[in-house]
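Throughout, a chain's letter reflects where its sequence line sits, starting with A, and its residues are numbered from 1.
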Amino acid sequence: MTAEETLKKIIAKAASSFGIELKEEDIVIERSKDPIHGDYSTNAAMKFSRLAKKSPRDFAADLVSAFASNEEFFCVEKVEIAGPGFINFFMKQDVLANVVSKVIEEGDSFGRLPRNGKKVNVEFVSANPTGDLHLGHTRIAAVGDTISNILDWAGYDVTREFYVNDCGNQIEHLGNSIRARYHELFGEPLALGDDDYHGEDLIAIAKSIKDQYGDAYLKDSQESHDFFIRFGIDAELGKLKKDLAEFRVTFDKFTYESDIRKGGNVSKTIEALREKGYVYESDGATFLKTTAFLDDKDRPIVKKDGLFTYFAPDICYHYNKMERGYDLLIDVLGADHHGYINRLKSVLMMKGYSPDALDVELVQIVRVYRDGVEVKMSKRTGKAIAHRDLVEDIGVDAVRYFFVERSQSSHLDFNYNLAMEQSSSNPVYYAQYAHARCCSLLSLGQDIPLDTKGSLLKEESEMSILKHLADFPSMIEGAAKERAPHKVAGYIHRLAELVHEFYAKNRILDRNNLALTGSRLALVKACAIVLRNSLRILGVSAPEKM
RNA sequence: GCGCUCGUAGCUCAGUUGGAUAGAGCACUUCCCUCCUAAGGAAGGGGUCGAACGUUCGAGUCGUUUCGAGCGCGCCA
């Protein structure tokens, strides 16, 4: 049991002895910011003084007087009532130091919460297979993958999914564009339309078609039309997978829009919704009555020309995901898709699902500044900051850390020059360096027996580390609940800071005091383990030497 | 006009379901390697938390109004 859980129990029991029943989840235990306020504190006396019909301070005194009769109370060294009615707890050293052996015993799995039996599907990136990834995808990939990792650690059964939009207009344009580039290679240039893709990557694809098939697809036919599209999708998707894998992002499942549409599935779904009264015709188009639930406007699902809108197969796709037995769906989308949230939740509600079965995580746009000028992203002009360039220039570790360091809901101004020039002062190195320092100490002192009880730890810098290490599992729980990768980054930064401070203040390897050194090396080992575990959640490496 | 997301230090951003003296990085000033990795540490300057009311023991946090920014607003994906 963690210190926090124990304290909650003590408080609940004390309140109970005054006839006040508190749920442990309603009791807030905070880490004291200032050591003068002890190790942990609670506002329970203030929060619930009304129930006791007493002043906060009097109620606090009552609670404290009841603690002594509690057998759990042995872990507390001292209690104080302070300020408007805070109760501050000073813990016994061995209770705090207990975390060292726990971390070392659990090792790579310290921080992993018990399996909760819940299945969650995280869909992210889902970039159209019509070109390369750009900066926006990079942030979504980092956020989506990290959220998946956090949920995995928090006990969920996680599926990472990529939805492949291999139908629709943009795919036609892809086929046309490749065909034009292909003809170009034979000296028969075809004009590219405004909506076609002008990126140079398609020239390479056309070349590989020429290399493999020669001039077999020069004649204009349905067969060659289909061929260019199929070849293009495979080639583009292959590149996406490769770039993402190099970014340490892999998917468990790729779902193709063309499979979702198979067998008239979309029409069937629409008809089923029509029977429920959620579908109507207007101006020659077909609409879904999403306003019956959360939306502020009804949405078109079949256009005047008889083709489905993007939304129509997406309805089926989300039903498909639910039918696969997930307790929770998470869509990680660009913030410009915010209008999509209530639309999709409404769709789920039409089938009787809870709107909470879907959580849409919006990732705010990245604004790029290069040479002091904002660079606008545009997939079609080919001038966008490509994901691949970014990773080559700055490195996977730094990019992944940088892109989850801040909440996904905040805009991110990315100074490309700075990231390239000053990559060595990037915060990610601060954390990695802390890990490398720990490893170096452990290597130099490998012959010294570790005291995994941390018996001799007593300095303030040591106690701060102990408390922070103990917070790791509950940090994971909170980050999972809030889908907040940046909390992991914040945790890492704080741990690294504590490690550096500890290192600077103390001569850790002291062969004249092997007992103390043994305690400290055990602490160092625990720090290395937690740094490694937390960095792994972000997809960032933990080098042993730098 | 309606909706969503935001507004905290010069810049980029944290701020634990409302808590004690609002923090970090970058930038700036000044110190610290005869000694375990200086990609580090210590100290300092820098804030009417966009603004105004309200809710209560207590508001950066919650509510209303207002100003400003970004993004969306039925047949693009």
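- Within the 3.5 Å criterion, the main-chain N or O of A:Phe293 finds no donor-acceptor partner in the side chain of A:Lys345.
- The partner of B:G23 is B:C13, by the rule that a Watson-Crick or G-U pair needs both atom distances under 3.5 Å.
- A salt bridge is absent between A:Lys8 and A:Glu5; no separation between the charged side-chain nitrogens and carboxylate oxygens falls under 4.0 Å.
- The stretch residues 39-47 of chain A touches RNA chain B through A:Ser41, A:Asn43, A:Met46, each having a heavy atom under 4.0 angstrom from the strand.
- Nucleotides B:U30 and B:G72 place their P atoms 47 Å apart, quoted to the nearest Å.
- The gap from the P atom of B:U8 to that of B:U48 amounts to 12 Å, rounded to the nearest Å.
- A cation-pi arrangement is not found for A:Lys54 relative to A:Phe59, the charged atom failing to lie both closer than 6.0 Å to the ring centre and inside a 45° cone about the ring normal.
- Using a 4.0 Å heavy-atom cutoff across all strands shown, A:Asp314 reaches no nucleic acid atom at all.
- Note on A:His37: a base of the nucleic acid sits closer than 4.0 angstrom, heavy atoms only.
- Residue A:Ala434 is classed as having no contact, given no heavy-atom separation below 4.0 Å to the nucleic acid.
- Looking at the side chain of A:Phe86, the nearest of the listed nucleotides B:A14, B:A20, B:A38 is B:A20.
- Comparing the same atom, P, in B:G58 and in B:C67 gives a spacing of 30 Å after rounding to whole Å.
- Protein atom CD of A:Gln408 is 12 Å distant from nucleotide atom C1' of B:U5, rounded to whole Å.
- Closest contact between the side chain of A:His337 and the listed nucleotides B:U12, B:G25, B:A77 involves B:A77.
- For the pair A:Arg299 and A:Phe311, the NZ or CZ position fails the cation-pi test of under 6.0 Å to the six-membered ring centre and within 45 degrees of the ring normal.
- A gap of 37 Å separates the C1' atoms of B:C62 and B:G44, to the nearest Å.
- When distances are taken from the side chain of A:Tyr503 to each of B:A20, B:G19, B:U37, the shortest belongs to B:U37.
- Less than 4.0 Å separates RNA chain B from at least one heavy atom of each of the following residues of residues 277-288 of chain A: A:Asp283, A:Ala285, A:Phe287.
- With distances taken from any side-chain atom of A:Ser407 to the nucleotides B:A14, B:A20, B:A24, the minimum falls on B:A14.
- Salt bridge annotation for A:Asp201-A:Lys239: present, with a cationic side-chain nitrogen under 4.0 angstrom from a carboxylate oxygen.
- Straight-line distance between the P atoms of B:G3 and B:U12: roughly 28 Å, to the nearest whole Å.
- A:Asp295 comes within contact range of no nucleotide atom at all, as no heavy-atom separation falls under 4.0 Å.
- The partner of B:G3 is B:C71, judged by Watson-Crick or G-U wobble contacts that both fall below 3.5 Å.
- Within 4.0 Å (heavy atoms only), A:Gln364 reaches sugar-phosphate atoms of the nucleic acid but no base atom.
- Other residues, nucleotides and ligands place no more than 12 heavy atoms under 6.0 Å from the CD atom of A:Glu544.
- Along RNA chain B, the nucleotide nearest A:Asp298 and the nucleotide nearest A:Leu509 are compared for position; the residue whose nucleotide lies closer to the 5' end is A:Leu509.
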Walk me through it: do A:Lys505 and A:Glu462 pass the test salt bridge (charged side-chain N to carboxylate O under 4.0 Å, His left out)? CA-CA 10 Å; A:Lys505 278 188 183 165; A:Glu462 295 163 343; over 6 Å; no

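- The CD atom of A:Glu172 sits 12 Å away from the P atom of B:A77 (whole-angstrom rounding).
- Residue A:Ser49 places no side-chain N or O under 4.0 Å from the OP1 or OP2 atom of B:C57.
- Across all strands shown, A:Asp34 has heavy atoms under 4.0 Å from base atoms, whether or not it also approaches the sugar-phosphate.
- Comparing atom distances between the A:Pro84 side chain and each of B:G40, B:U16, B:G19 picks out B:G19 as nearest.
- Taking the side chain of A:Ile508 as heavy atoms from C-beta on, and the options B:A20, B:A77, B:C36, the nearest nucleotide is B:C36.
- B:A59 and B:A20 are spaced 11 Å apart, taking the P atom of each and rounding to whole Å.
- A donor-acceptor pair under 3.5 Å is absent between the side-chain atoms of A:Asp510 and the main chain of A:Thr517, judged by distance alone.
- Distance from the side chain of A:Val28 is smallest to B:U17 among B:U16, B:A77, B:U17.
- Contacts with RNA chain B (heavy atom under 4.0 Å) in residues 436-451 of chain A: A:Ala436, A:Arg437, A:Ser440, A:Leu441, A:Leu444, listed by number.
- Using a 4.0 Å heavy-atom criterion, one finds that A:Glu544 contacts the bases of the nucleic acid, with or without backbone contacts as well.
- Comparing the P positions of B:U55 and B:A9 gives a spacing of 29 Å, expressed to the nearest Å.
- For A:Asp336 against B:A77, no side-chain N or O and base N or O form a donor-acceptor pair under 3.5 Å.
- Looking at heavy-atom distances under 4.0 Å, A:Arg494 makes no contact with the nucleic acid at all.
- Among the nucleotides B:G15, B:A38, B:C6, the one closest to any side-chain atom of A:Ser409 is B:C6.
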Begin with the C-alpha distance, continue with both residues' side-chain angles, and end with the deciding distance and a verdict on salt bridge (charged side-chain N to carboxylate O under 4.0 Å, His left out) for A:Glu123 and A:Lys321. CA-CA 10 Å; A:Glu123 185 217 324; A:Lys321 283 197 277 193; 2.9 Å; yes

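- Here the closest heavy-atom approach between residue A:Leu442 and residue A:Ala528 is recorded as CD1-CB, 4.4 Å.
- For B:G25 and B:A42, the P atoms lie 9 Å apart once the distance is rounded to whole Å.
- In summary, the aromatic rings of A:Tyr401 and A:Tyr430 are positioned with their centroids too far apart to meet the 6.0 Å limit.
- Backbone-only engagement by A:Lys487 is indicated by non-hydrogen atom pairs under 4.0 Å involving sugar-phosphate atoms exclusively.
- Along RNA chain B, the nucleotide nearest A:Phe402 and the nucleotide nearest A:Gly168 are compared for position; the residue whose nucleotide lies closer to the 5' end is A:Phe402.
- Counting only N and O atoms by type, the side chains of A:Glu236 and A:Tyr197 include no donor and acceptor under 3.5 Å apart.
- A distance cut-off of 5.5 Å between ring centres, combined with a plane angle under 30°, leaves A:His338 outside any stacking arrangement with the base of B:G72.
- Closest non-hydrogen pair, A:Leu202 versus A:Leu174, comes out as CD2-CD1, 3.9 Å.
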